[in-house]
Q: 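Provided herewith is a single structure, encoded as structure tokens, for subsequent inquiry.
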Amino acid sequence: MPEKPPNKQTEFGYFDDEHKEYVIIDPKTPYPWINYLGNDGFYSLISNTTGGYTFYKDAKFRRLTRYRYNNVPVDSGGKYFYIREGGCVWSPGWKPAQAPLDQYQCRHGLGYSRFLSSKRQVHCDLTCFVPLGTRAEVQRLRLSNRTEAPKKLQLYSLLEWCLWNAEDDMTNFQRNFSTGEVEVDGSHIYHKTEYRERRDHYAFYSVNSEIQGFDTDREAFLGLYNGFEAPEAVTRGRAGNSIAHGWSPIASHFLEFELGPGETKEWIFVLGYVENPAGEKWTADGGLNKTRALQMAADFDSGEKVTRALAALADYWQNLLDAYQISGPDTRLNRMVNIWNQYQCMVTFNFSRSASFFESGIGRGMGFRDSNQDLLGVVHMIPERARERILDIAATQFEDGSAYHQYQPLTKRGNAAIGKNFNDDPLWLIQSTLAYIKETGDFDILEESVPFDNDPAKANSLFAHLTASFDHVVNNLGPHGLPLIGRADWNDCLNLNCFSQDPNESFQTTENRAGEVAESVMIAGMFIAFGRDYVALCRHRGHTEEAERAERHLQAMATAIDRHGWDGDWFLRAYDAAGKPIGSHANRQGRIFIEPQGFCIMAGVGLDDGRARTALDSVNKLLAYEHGIVLNYPAYTQYHPEYGEISTYPQGYKENGGVFCHSNPWIMIAETLVGNGDRAFDYYTRLAPAFREKHAALHKTEPYVYAQMIAGKEAATPGQAKNSWLTGTAAWNYYAVTQFILGVRPTFDGLLIDPCIPAAMKGFQITRKFRGATYEISVANPAGVSRGVQQMWVDGTAVAGNLLPVFAPRSYHRVEVLLG
Ligand code: GLC
Ligand code: GLC
């Protein structure tokens with residue numbers, strides 16, 4: 001372990017770019033700083049003190065280990081180890097024992113977390129990861145005696161089983177305290193609650209050596225009146241060999257051993273999930289069929305096997321990240337683009353908004369709009385999975401283009417309980433599908449037959465789904481010819497038809513008034529921005545008539561925005577159910593909103609007549625501050641039933657004047673469209689975690705990933721972040737910085753090169769893999785401009801324009817770009 005960090009560090013840690021890790025050097029971070037293990041199905045969340053939990057595919061219905069939310073102290077419960085020497089007990093991740101460590105590092109890497117610690121000259125190196133294609137978490141734990149004398153040590157593992165359904169597990173004690181069942185067989189501890197009845201799955205926790213004891217009953221291990229910090233068994237120095245009968249089953253291995261002077265020993269623990277087909281549930285004599293568990297444990301029973309699996313994981317990530325790599329003048333920009341932003345995009349793609357330290361994993365499924373937007377950040381890395389996701393999402397759409405707001409990942413079916421009629425939802429399908437086609441050139445996806453409302457009898461081509469999305473807006477226009485907002489648009493909390501007075505109902509699901517008046521200027525902008533792509537697609541496919549029809553609607557929408565969507569210095573946000581403007585000079589609070597400024601300008605409205613610049617100057621003056629761009633200003637100070645949830649939040653938080661980070665890249669992109677590279681990049685750096693690392697204590701959440709919200713300028717705690725990890729912020733910032741600021745943008749016919757950078761940026765190099773070819777792009781900016789490609793050379797030959805063609809797969813091309 002390097003004693004001297006390679007980079008400048010904050011009090012809590014530093015980026016180690018070479019290993020693609022964030023290194024935490026103080027376990028008492030301002031909030032638990034977590035990481036995600038797993039890539040496709042089996043997942044763990046793991047904090048910098050080894051807290052967190054594990055699930056298979058669905059954080060609600062297939063929860064392997066238990067977690068208690070909003071606990072005291074924070075982040076209690078996880079997969080823990082205790083090391084004991086004499087009467088001294090400590091944990092390699094500091095928690096839960098919390099004995100002071102002589103050395104502590106948590107290295108969160110791509111798909112693994114590593115904990116390096118030492119106490120009493122016993123050095124511990126613990127690495128946790130989920131091997132590729134494996135339904136298990138592997139923990140490799142090494143202990144070294146760094147003294148000249150032998151040491152007698154004990155090691156205890158601990159995890160607490162969840163009784164599968166995470167919500168029921170936290171509430172239904174009258175049943176659950178009687179159902180728990182375990183089995184211990186050598187070093188394998190099995191959790192088989194409800195396996196006797198309808199479940200075809202069980203979990204196990206094993207270690208690749210003989211054990212000297214175990215515990216499976218929580219009370220026996222901890223003692224009824226103890227927390228995780230001082231289990232009775234550990235204090236006593238001996239496992240109880242307890243077998244749980246109901247109550248709360250756990251799994252704890254007990255190991256006792258001697259470490260010679262300078263000696264290192266290694267153990268491999270495997271926490272696995274097994275599904276057995278109906279005919280193979282039981283052995284001939286009626287016992288649990290353990291074959292698959294034993295095979296899984298055997299797959300990782302040696303140091304070499306684990307080292308190989310770790311190397312494969314590293315290759316997997318390198319291969320993904322290689323699709324877009326920059327070498328630029330600012331290491332913070334490089335590490336965001338090359339490593340952390342792409343990593344977060346993959347995590348949001350995998351988890352949607354289901355499981356984080358802010359999302360409980362028992363609430364939300366996959367959001368229709370969220371999942372579409374998440375694709376923007378990953379389609380260049382995992383086009384096949386993006387394709388599958390698009391088809392899954394489209395299958396939850398209704399024939400009239402509307403959509404379930406969410407669907408469940410296990411069943412892939414729409415969730416009726418969450419409501420529908422968020423009138424922005426349908427349009428995001430156009431954006432994601434177009435992003436996929438531009439990246440891959442796979443127009444065939446449009447011919448895929450996709451059901452409506454998951455009903456095979458109602459299947460039509462994906463292209464027909466896009467048309468339905470487009471027409472959903474056309475068929476739902478309000479009095480000004482602007483789109484009706486429905487339950488809400490992207491801003492979930494702008495509930496203009498809700499008028500709720502009952503504190504027991506949720507704004508998101510309660511019955512709305514039939515709203516034929518409230519309109520959204522943001523959806524109007526989206527409609528044109530994504531609709532133009534739809535038109536281009538129609539033309540590309542020779543559907544001239546459809547293209548012309550769609551164009552007429554876009555033209556009408558542009559006229560409606562001109563007439564009714566411009567407020568003098570910025571774009572209006574909406575009309576409420578009484579037809580009164582929102583986000584206008586006419587309002588006392590909520591005079592200006594961020595969303596329509598971003599979307600109308602992305603739609604091209606006001607680019608040729610100066611309104612775009614005027615609106616962006618208003619954003620700069622009224623919404624932007626040191627920690628980002630707030631969503632609206634001034635924030636509401638009282639509840640407005642006619643606006644809904646937005647006015648429920650105290651000023652400066654969430655959708656009421658918070659920096660809702662997801663929306664900031666819209667302004668960055670808009671700034672690039674008017675050629676203001678300095679401002680676009682300035683806004684980028686206000687949010688990008690690597691640039692905010694200096695504010696780590698104030699920011700609170702992880703300094704390596706974006707948060708959904710940073711408290712706004714009117715908040716009591718400006719600059720403080722919440723809801724880290726699972727947010728559309730990741731994909732949109734990635735999209736903005738790679739495609740609009742650095743300006744390498746996929747189109748139907750090739751890669752468009754159109755950077756818009758700070759004038760002082762002298763240049764940068766990008767390696768981009770696109771449709772199988774590698775583009776080595778070198779941009780030079782000797783004249784100090786922000787935008788404008790003066791000349792391009794491909795493999796040494798000058799070419800006209802700034803569109804790079806699609807090259808043959810596996811070919812390699814050098815591209816020089818001169819700005820000026
Ligand atoms: C959350 C939701 C997203 C919504 C946003 C703004 O991020 O997941 O769907 O658009 O809030 O309200
Ligand atoms: C979104 C919003 C949040 C709102 C929630 C309702 O996530 O960000 O403010 O309360 O939706 O489900």
Side-chain angles (χ1 to χ4, degrees), residues 35-46 50 52-59 61-67 78-81 109-115 126-141 157-162 164 182-193 195 199-209 211 214 216 249-253 266-277 280 288-314 316-317 350-351 355 361:
N35 193 15
Y36 286 83
L37 316 179
N39 302 300
D40 85 44
F42 189 97
Y43 297 114
S44 292
L45 283 65
I46 184 165
T50 71
Y53 60 90
T54 297
F55 63 93
Y56 176 68
K57 280 202 174 158
D58 189 312
F61 291 111
R62 291 288 184 281
R63 186 78 66 99
L64 270 78
T65 66
R66 180 172 290 156
Y67 195 72
K79 277 156 279 162
Y80 289 144
F81 290 98
L110 306 185
Y112 68 89
S113 289
R114 188 168 173 207
F115 301 84
L126 167 66
T127 301
C128 307
F129 72 111
V130 174
L132 295 174
T134 305
R135 294 173 180 184
E137 177 182 330
V138 171
Q139 305 163 327
R140 182 187 65 194
L141 190 143
S157 67
L158 173 66
L159 59 79
E160 193 182 0
W161 300 115
C162 177
W164 300 114
V182 297
E183 187 175 326
V184 180
D185 186 358
S187 307
H188 308 282
I189 301 174
Y190 295 88
H191 176 229
K192 51 180 194 178
T193 301
Y195 188 76
R199 295 194 181 276
D200 62 355
H201 47 269
Y202 63 84
F204 69 94
Y205 191 36
S206 64
V207 59
N208 68 336
S209 82
I211 55 176
F214 60 85
T216 67
I250 60 161
S252 172
H253 303 96
E266 176 180 278
W267 294 266
I268 296 151
F269 294 83
V270 176
L271 163 62
Y273 169 87
V274 170
E275 270 173 18
N276 279 335
E280 297 173 30
L288 178 69
N289 180 353
K290 299 169 183 156
T291 317
R292 288 182 172 80
L294 295 174
Q295 183 54 52
M296 213 185 283
D299 285 345
F300 303 100
D301 64 0
S302 75
E304 300 82 75
K305 291 178 187 173
V306 171
T307 303
R308 262 204 307 277
L310 274 167
L313 185 66
Y316 166 82
W317 277 107
N350 284 331
F351 287 79

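Sequential numbering from 1 along the given sequence is applied to the chain's residues. Just so you know, these numbers come straight off a predicted model, no measurement behind them.
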Q: Where is the tightest heavy-atom contact between Arg199 and Thr193, given as atom of each residue plus distance?
A: CD-O, 3.8 Å
Q: Does Thr291 reach the main-chain N or O of Asn289 with its side chain, forming a donor-acceptor pair under 3.5 Å?
A: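 Not a single qualifying donor-acceptor pair exists.
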Q: Can you confirm whether or not the ring centre of Phe55 sits under 6.0 Å from the ring centre of Phe351?
A: yes
Q: Hey, does Leu288 have a side-chain heavy atom less than 4.5 Å from the side chain of Tyr195?
A: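 Contact flag for Tyr195/Leu288 side chains = yes.
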Q: Looking only at heavy atoms, which two atoms of Ala251 and Tyr205 are closest? And how far apart?
A: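 Taking Ala251 first and Tyr205 second, the nearest heavy atoms are CB-CD2, 3.8 Å.
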Q: Which distance, rounded to the nearest 0.5 Å, do you find between the CG of Leu294 and the OG of Ser206?
A: 8.0 Å
Q: Under 3.5 Å, side chain of Asp185 to main-chain N/O of His188, donor-acceptor pair present?
A: no
Q: Would a distance-only check, ignoring hydrogens and angles, find a side-chain to backbone donor-acceptor pair under 3.5 Å from Asn35 to Gly109?
A: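 Side chain of Asn35 to backbone of Gly109, a donor-acceptor pair under 3.5 Å: yes, one is there.
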Q: For Phe300, check ring-ring contact (aromatic ring centres under 6.0 Å, His included) against everything at least two apart and list the hits.
A: none
Q: Both conditions, 6.0 Å and 45 degrees, for the charged tip of Lys290 above the ring of Tyr190: are they met here?
A: yes
Q: Of all the heavy-atom pairs spanning Gly272 and Phe42, show the shortest one and how long it is.
A: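 Between these two residues, the closest heavy atoms are C-CE1, 4.5 Å.
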Q: Counting N and O atoms only, with roles assigned by atom type, does the side chain of Ser187 sit under 3.5 Å from a partner on the main chain of Ser209, one being a donor and the other an acceptor?
A: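 Side chain of Ser187 to backbone of Ser209: a pair is present.
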Q: Please say which of Phe214, Phe81, Phe269 ends up in a ring pair (Phe, Tyr, Trp, His ring centres under 6.0 Å) with His253.
A: Phe269
Q: Identify, with sequence neighbours excluded, every residue that meets ring-ring contact (aromatic ring centres under 6.0 Å, His included) alongside Tyr56.
A: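 Partners of Tyr56 under the ring-ring contact (aromatic ring centres under 6.0 Å, His included) test: Tyr273.
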Q: Taking the side chain as every heavy atom from C-beta outward, state whether Ile250 and Leu159 have any atom pair closer than 4.5 Å.
A: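 Ile250 does not reach Leu159 side chain to side chain.
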Q: Parallel, tilted or perpendicular: which fits the ring planes of Trp164 and His201, with parallel below 30° and perpendicular above 60°?
A: perpendicular
Q: I'd like to check Leu37 versus Glu137 (side-chain heavy atoms, cut-off strictly below 4.5 Å). Are they in contact?
A: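 They are in side-chain contact.
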Q: Is there a side-chain contact between Val130 and Tyr43 in this structure, where contact means two heavy atoms from C-beta onward sitting under 4.5 Å apart?
A: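 Side chain of Val130 against side chain of Tyr43, heavy atoms only: no contact under 4.5 Å found.
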Q: Measure the CG-CZ distance between Asp40 and Arg135 for me, rounded to the nearest 0.5 Å.
A: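 It comes to 9.5 Å.
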Q: Look up atom SG in Cys162 and atom CG in Leu64, then write down how far apart they are to the nearest 0.5 Å.
A: 8.5 Å
Q: Would Arg63 and Tyr53 count as a cation-pi pair here, with the cationic atom under 6.0 angstrom from the ring centre and within 45° of the axis?
A: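 Geometry flag: set, cation within 6.0 Å and 45°.
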Q: Ignoring hydrogens and geometry beyond distance, is a side-chain donor-acceptor pair present between Lys79 and Ser44 at under 3.5 Å?
A: yes
Q: Could you tell me the separation between the CD atom of Glu183 and the OH atom of Tyr202, rounded to the nearest 0.5 Å?
A: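 These two atoms lie 9.5 Å from each other.
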Q: Could you walk me through whether Arg292 and Glu280 pass the salt bridge (Lys or Arg N to Asp or Glu O under 4.0 Å) check?
A: CA-CA 10 Å; Arg292 288 182 172 80; Glu280 297 173 30; 3.0 Å; yes
Q: Could you list the donor-acceptor pairs under 3.5 angstrom formed by side chains in residues 302-313, with sequence neighbours left out?
A:
from, atom 1, to, atom 2, distance (Å)
Ser302, OG, Lys305, N, 3.2
Lys305, NZ, Ala298, O, 2.9
Lys305, NZ, Asp301, OD1, 2.8
Thr307, OG1, Gly303, O, 2.8

Q: Please confirm whether the backbone N or O of Glu160 pairs with a side-chain atom of Thr65, one donor and one acceptor, at under 3.5 Å?
A: no
Q: What distance do Leu141 atom CG and Trp267 atom CH2 have between them, rounded to the nearest 0.5 Å?
A: 7.0 Å
Q: Working to the nearest 0.5 Å, report the span between CG of Leu158 and OH of Tyr80.
A: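 It is 8.5 Å, given to the nearest 0.5 Å.
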Q: Look at the side chain of Asp200 and the backbone N and O of Glu275, then say whether any donor-acceptor pair between them is shorter than 3.5 Å.
A: no
